[in-house]
Amino acid sequence: MEAARDLDNLVERLGLHSRPLRERLDFLQWQTVDAQRLVSLAEAGELVSQDFVDLLYQHLGQFGETADFLRDSLTVSRLKRQQLDYYKRLFQGEIDESYVRERLQIGHVHERIGIELKWYLGGYRLFLSEMLQALFTSADKADPSRIAEFDSLLKRVFFDMTLAAEAYVDAKQSALRESEKRFAHALRGANDGIWEWDLQSGHWYASERWANMLDLQVNEVGNRVDDWLARVHPDDIDALRYAIDGHISGRVPWLQHEYRIRRRSGDFLWVLVRGVLETDAHGHQRLAGSQTDISERQRISSKLEYAARHDALTGLFNRGQLNQVLLDSIDLLQRPGARHAALLFIDLDRFKVINDSLGHAVGDQVLVMVADRLRAGLRQGDHLARFGGDEFVMLLNDLANPVDAEQVAERVLHKLREPLCFDQRCLVVNASIGIAPLTPGQGLQDALQAADIALYAAKADGKARYMRYSQGMQEQAHERLLIESNVLQALQLDQFELDYQPVFDMSRQARSSPVACEVLLRWRHGDQRMPPGAFIPVLEESGEIIPVGYWILQQACRQARLWQLTRNPRFCCSVNLSGVQLKQADFCQRLHDILQQTGLPPENLVLEITESVLLDQVGQTLANLHEISAMGVMLALDDFGTGYCSLAYLNRFPLDIIKLDRGFLHEAHANQRQATICRSIISLGRDLGMKIVAEGIETSRQVEFLLQEGCCLGQGFLLGRPMSVVDMQRLWLEEVSDGG
Ligand code: C2E
Ligand code: MG
Ligand code: MG
């Protein structure tokens, strides 16, 4: 079926339908009489061909290539039979289309099985020679009718030979067409576009796929090389031209280059162009090659590149990229006429509390919102990076005046102060900022360190503010480093001391004796007495707070018991605990031992914890809290209201005392809102059956306010600063002498 269709196509291609066939025969001067002559020759022809076939195959057998086809005798006799049939057919009448088809088919088959045309046509020559001899050997040599007959045979044979040749050529072309088809298929499979550029004429050709890649039709892409180049992204054109020139000039062995090209929509597609130059015998040059869509690869690699330079959470520059832009800025400062640049090191105040009390998901949300706010205020040419955790760094370039950085810092603080509201929650986040001007030729680390030192100073100065770096700060930082490296030996060197801050029942007459005290740690370092804020974090981080903590408990309980025995048998003592201490599995055992040794009744010891301690609800902490409570020791929640602790915690934990943070009290007598908060905390505690101790009382108006609200217990500078044992003892003496 398919073979018949192929043959139809072949007849069509060679123009062998009746009309063109007629023309062809006319050209050979083939006439009816020729057919008749051959019919009259048929008998002689058949005789000759019978002998000739044997001769032919014998002859063919003498040549290596043809002999190969004739190895087995069965094939040979089949071929001989077919050959004889053909010779018979040669002398039989008219040439028509069916004859043509038969000849063409045989020609095709011969080509396919690999018999070359030269053997095929050579066979005709042999046959004609045989016929020539047969026809002209007898007396009638000069018989003109013989010549005519032979001439007819020649016509016929030439006709057949032509067909054979054409069938061969066609078979070859078909093979070529097949291979081209396969090649085109492969190209479609590779999904590449093809292009060719004639360097002499400037003609340029692009394939359909090339055009389709850009959402265009082939007739829309133009046919000059400039039509191509005009579509190239302006930022990429120079590099592409350079790559093309590089190959044409022989600098690189082929063209291979990635660039962006405009699509119909106007946006750009990343492509890879590849090509090679070919010079023909006449020196004519053509550059041709492919074009591959690499947008997907480019998208992934630019994503990776982006990820390598940015912080995943906020999308801001990361530390590595900050270093890069910072180096550039420092470099720029060295150019003549350069303006100023500064670094802002921004750190959120008490962010750890948000993270600990509301969870990391909320913490992340806060960071993202803060990043957005910071970014919104950024000027062109400035940069913002997330340095880590809750630290951000802003790089301000091209400042007219170094003090301009302070205005920016002011703006940042102002912006951050507005409440962050999300998920029905509003938080106020403050930040501290360290400012450091960049200096030409400065080292990267020096610049960051200066800003970090200034940040530390801002934190130490009370947070929620900015500080500009100064040389003095550098010295302080150095000092701090010294502290950090020395405090770990302080216990061994017996450098710790305790201060006691008295707690009073304010409802009693003025100048009454203390009912309790809070124990506060001090470190004697050189000729200084260090407040705990400066070194407790170091102790906590290193775990050294654990032995130090037991030492404090031991000292405090012993001292309190002494005062019970000598002054007030119901005197209480408050000791601050760090979260790390409560994580110890043997904490309660040690506490029990200390109480036993010192003889202080458990109910006269108060352990103060902060809200963040309560967040460790599953671990050892919770078990310890319950055990402490079961022992009869009191638990106080220190700095109440400054964390982000849920009120539900008050119920969930065995708490006895709330310490009202001085931050609330500060303005309570003057500020209605503050007063309301204080009032609520006091009544909340009372309703839950807890005691309230007010902290940081500094004025008598605060005392009045507290008493009015029914809060009688308090401590603060007004009533008594943290003091030594000796000074504490004086409080009772004063009372004794006053009272006496
Ligand atoms: P805290 O437990 O809230 O202690 C009260 C702090 O407020 C003390 O600061 C005290 O000196 C200060 N203070 C008391 N009255 C007033 C006042 O009227 N006005 C003002 N402005 N401040 C007042 P200090 O001694 O610097 O202690 C700071 C924090 O260090 C303590 O806060 C506590 O959290 C921690 N800390 C102190 N001693 C220890 C300790 O032995 N162990 C542990 N783990 N932490 C301690
Ligand atoms: Mg305390
Ligand atoms: Mg406190």
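Note that ligands are numbered from 1 as they come in the structure, with each ligand's atoms numbered from 1 the same way.
- Rounded to 10°, the angle formed at the Mg ion (ligand 2) by N576 OD1 and E518 OE2 is 90°.
- Which parts of ligand 1 touch E518 is read off a 4.0 Å heavy-atom cut-off, strictly below it: atoms 1 (P), 2 (O), 4 (O).
- A salt bridge is defined here as a Lys NZ or Arg NE, NH1 or NH2 lying under 4.0 Å from an Asp or Glu carboxylate O, and D593 with R590 fails to meet this definition.
- Within the 4.0 Å heavy-atom shell around ligand 1 one does not find K659.
- When heavy-atom distances to ligand 1 are checked against a 4.0 Å cut-off, Q715 has no atom that comes that close, whether in backbone or side chain.
- Ligand 1 lies nowhere less than 4.0 angstrom from a heavy atom belonging to G533.
- Contacts between R522 and ligand 1 below 4.0 angstrom, taking non-hydrogen atoms only, involve the side chain exclusively.
- Contacts of D639 with ligand 1, taken as heavy-atom pairs under 4.0 Å, involve the side chain alone.
- In this structure, the side chains of W523 and I536 stay at 4.5 Å or more apart for every pair of heavy atoms.
- Contacts with ligand 1 closer than 4.0 Å are made by heavy atoms of both the backbone and the side chain of L521.
- Ring geometry, W732 versus W563: the interplanar angle falls from 30° to 60°, so the pair is classed tilted.
- Residue contact check: S578 has heavy atoms under 4.0 Å from atoms 44 (N) of ligand 1.
- Within the 4.0 Å heavy-atom criterion, the part of I536 lying near ligand 1 is the side chain and not the backbone.
- Residues D347 and S432 have side chains that never bring a donor and an acceptor to within less than 3.5 angstrom of each other.
- Here's the thing with E540: none of its N/O atoms is less than 3.5 angstrom from an N/O atom of ligand 1.
- Side-chain atoms of D390 and I354, non-hydrogen and from C-beta on, never get closer than 4.5 Å to each other.
- At least one N/O-N/O distance between R662 and ligand 1 falls below 3.5 Å.
- With a 4.0 Å cut-off on non-hydrogen atoms, D638 touches ligand 1 through its side chain and not its backbone.
- The L577 neighbourhood of ligand 1 comprises atoms 44 (N), with distances under 4.0 Å to a heavy atom of that residue.
- Electrostatic pairing of E709 and R679 counts as a salt bridge here, judged by a charged N lying under 4.0 Å from a carboxylate O.
- Distance check for C421 and C426: the SG atoms are under the 2.5 Å cut-off.
- Using modelled atom types, one side-chain atom of S724 and one backbone atom of D727 make a donor-acceptor pair closer than 3.5 Å.
- The closest approach between a heavy atom of E698 and any atom of ligand 1 is below 4.0 Å.
- Here the rule is side chain to side chain donor-acceptor pair (under 3.5 Å) with Q715, and of E518, R721, R662 only E518 fits it.
- Residue-ligand proximity: R721 is placed with every non-hydrogen atom at 4.0 Å or more from ligand 1.
- Against a heavy-atom cut-off of under 4.0 Å, Q501 is close to the following atoms of ligand 1: 14 (C), 15 (N).
- Rounded to 10°, the angle formed at the Mg ion (ligand 2) by OD2 of D638 and OE1 of E608 is 80°.
- Residue contact check: P722 has heavy atoms under 4.0 Å from atoms 11 (O) of ligand 1.
- Counting only distance, with no hydrogens or angles, the side chain of D656 and the backbone of L635 share a donor-acceptor pair below 3.5 Å.
- Judged by distance alone, the side chain of Q581 and the main-chain N or O of S578 form a donor-acceptor pair under 3.5 Å.
- Near E695, meaning under 4.0 Å from any of its heavy atoms, are these atoms of ligand 1: 3 (O).
- A tilted orientation is assigned to the rings of F496 and F535, their planes being inclined by 30° to 60°.
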